[in-house]
K.L.:
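This is the structure I have questions about; it appears just below.
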Amino acid sequence: MKLPLKWEFPLCLYPFLCKWTDGSLAITEHAQAAWVDKSELQNYDWAEADLPIVKEITSF
């Protein structure tokens with residue numbers, strides 16, 4: 001892992017606006033994954049490359 005303990009989006013990201021309705025996350029590579037409200041995104045230690053994505057998501 002190049003950025004251990006940092007939160008990051010997948011390298012190939014296709015953003016969607018969606019709503020969680022049921023089920024659970026299945027992670028295959030990372031130690032942790034979370035489904036959070038966009039208002040909570042600023043509370044995570046993001047990889048530098050993902051900060052513009054976080055800013056864009058939280059702006060609307």
Side-chain angles (χ1 to χ4, degrees):
M1 288 191 271
K2 293 181 181 179
L3 299 170
L5 304 179
K6 290 279 189 179
W7 285 89
E8 60 182 324
F9 293 109
L11 296 174
C12 187
L13 178 64
Y14 302 100
F16 293 80
L17 290 178
C18 57
K19 180 179 177 182
W20 186 272
T21 59
D22 192 22
S24 61
L25 295 173
I27 57 176
T28 59
E29 180 180 334
H30 296 81
Q32 190 177 16
W35 188 271
V36 299
D37 188 82
K38 69 179 182 177
S39 65
E40 299 175 55
L41 291 176
Q42 298 292 339
N43 299 331
Y44 291 84
D45 184 19
W46 290 98
E48 188 71 26
D50 290 324
L51 292 176
I53 298 169
V54 172
K55 184 177 179 181
E56 180 71 24
I57 291 170
T58 57
S59 71
F60 58 90

K.L.:
Only counting residues at least two apart or in another chain, list the ones meeting side chain to side chain donor-acceptor pair (under 3.5 Å) with Asp37.
P.N.:
Ser39
K.L.:
At their closest point, which heavy atom of Ala34 faces which heavy atom of Tyr44, and how far apart are they?
P.N.:
CB-OH, 4.2 Å
K.L.:
Would you check, one step at a time, whether the test side-chain contact (heavy atoms from CB on, under 4.5 Å) holds for Leu41 with Trp46?
P.N.:
CA-CA 9 Å; Leu41 291 176; Trp46 290 98; 3.7 Å; yes
K.L.:
Using atom types as modelled, flag every donor-acceptor pair under 3.5 Å from a side chain in residues 50-60 to any protein atom, sequence neighbours excluded.
P.N.:
{"residue": "Asp50", "atom": "OD2", "partner": "Phe9", "partner atom": "N", "Å": "2.9"}
{"residue": "Thr58", "atom": "OG1", "partner": "Val54", "partner atom": "O", "Å": "2.9"}
{"residue": "Thr58", "atom": "OG1", "partner": "Lys55", "partner atom": "O", "Å": "3.2"}
{"residue": "Ser59", "atom": "OG", "partner": "Glu56", "partner atom": "O", "Å": "2.8"}

K.L.:
Considering residues at least two apart in sequence or located in another chain, which fulfil the side-chain contact (heavy atoms from CB on, under 4.5 Å) criterion with Asp45?
P.N.:
Lys6
K.L.:
Taking atom CD of Glu48 as the centre, does the number of heavy atoms from other residues, nucleotides or ligands within less than 6.0 Å exceed 12?
P.N.:
no
